[in-house]
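Structure record follows, encoded as structure tokens.
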Amino acid sequence: MANPDPGSNIDPHARWRFLRDVIYFQLKLILGNLQNFLLLPVSIGAAVMDLVMKSSTGREGERFYWVLRWGRHTDEMIDIYSAIGGYEHEGEPDRGGAMKAQYTVDSVLARIEGVIVREYEKGGTAASVKGAVDKAIDEMQAKTGTAGDRANAIIRTATDKLRDKIDKPPQP
């Protein structure tokens, strides 16, 4: 990947980790919504069954609470906000340790990513596509750099003016 400043300590793979996190987050949102879509009727059904039928153990709400435990377990498997941990603790070891479940969404996606990375390291089409995309993004960022600075300055000025109006009530 072409860095704007070749001598800098910028991680050449940071952009791709970011894009990966965006894609993973979107997939996890879809899975989370599917889980919620399924959990709604299942939890209501379990609650109705608990009200109508006595459980085998005699415990009130046994089916409903089983559904809640299942829901919590699937939430942990999806771990929708896991990308934050990697971003906030970049360079630190994984706090989850080696005992991470094998069937979390992250572990499944990591296996798929491993296959893609191995294919990329072999070179060929994936490497040339990555290089071309990197070059296009670098050029786009270089061209929008000054416009982005101007946009930030305009936003800062507008925010300051708005803050002044709020801090100083109009004089009669």
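No experiment lies behind these values; they were computed from the predicted model shown.
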Original post:
Roughly how far, to the nearest 0.5 Å, is CG of Asp75 from CG of Leu31?
Top reply: 11.0 Å
Original post:
How close do Met53 and Arg63 get, heavy atom to heavy atom, and via which atoms?
Top reply: O-NH1, 3.6 Å
Subject >> Atom pair CD (Gln35) and NE2 (His73), whose distance is rounded to the nearest 0.5 Å >> reply: 10.5 Å
**OP:** Any chance you could lay out the side-chain contact (heavy atoms from CB on, under 4.5 Å) test for Asp106 and Lys28, step after step, and finish with the verdict?
**Re:** CA-CA 9 Å; Asp106 286 327; Lys28 289 178 175 191; 2.5 Å; yes
**OP:** Supply the atom-to-atom distance Phe25 CZ to Ile30 CD1, rounded to the nearest 0.5 angstrom.
**Re:** 11.0 Å
Original post:
Just wondering, do Trp70 and Val42 contact through their side chains at under 4.5 Å, heavy atoms?
Top reply: no
Original post:
Under 6.0 Å from the six-membered ring centre of Tyr24 and within 45° of its axis: does the NZ or CZ of Arg20 meet both?
Top reply: yes
**OP:** Indicate the atoms forming the closest heavy-atom contact of Asp50 with Phe64, along with that distance.
**Re:** OD2-N, 2.7 Å
Subject >> Trace of the side-chain contact (heavy atoms from CB on, under 4.5 Å) decision for Ile80 with Leu29 >> reply: CA-CA 7 Å; Ile80 198 164; Leu29 283 174; 3.3 Å; yes
Original post:
Hey, what do you get for CG (Leu34) to CG (Leu38), rounding to the nearest 0.5 Å?
Top reply: 4.5 Å
Original post:
Which residues satisfy the salt bridge (charged side-chain N to carboxylate O under 4.0 Å, His left out) test with Arg59, sequence neighbours excluded?
Top reply: none
Original post:
What is the minimum heavy-atom distance between Ile78 and Val105, and which atoms define it?
Top reply: CA-CG2, 3.7 Å
Original post:
Hey, does Leu39 have a side-chain heavy atom less than 4.5 Å from the side chain of Val67?
Top reply: yes
Original post:
Is the CZ atom of Arg69 crowded by more than 12 outside heavy atoms at less than 6.0 Å?
Top reply: yes
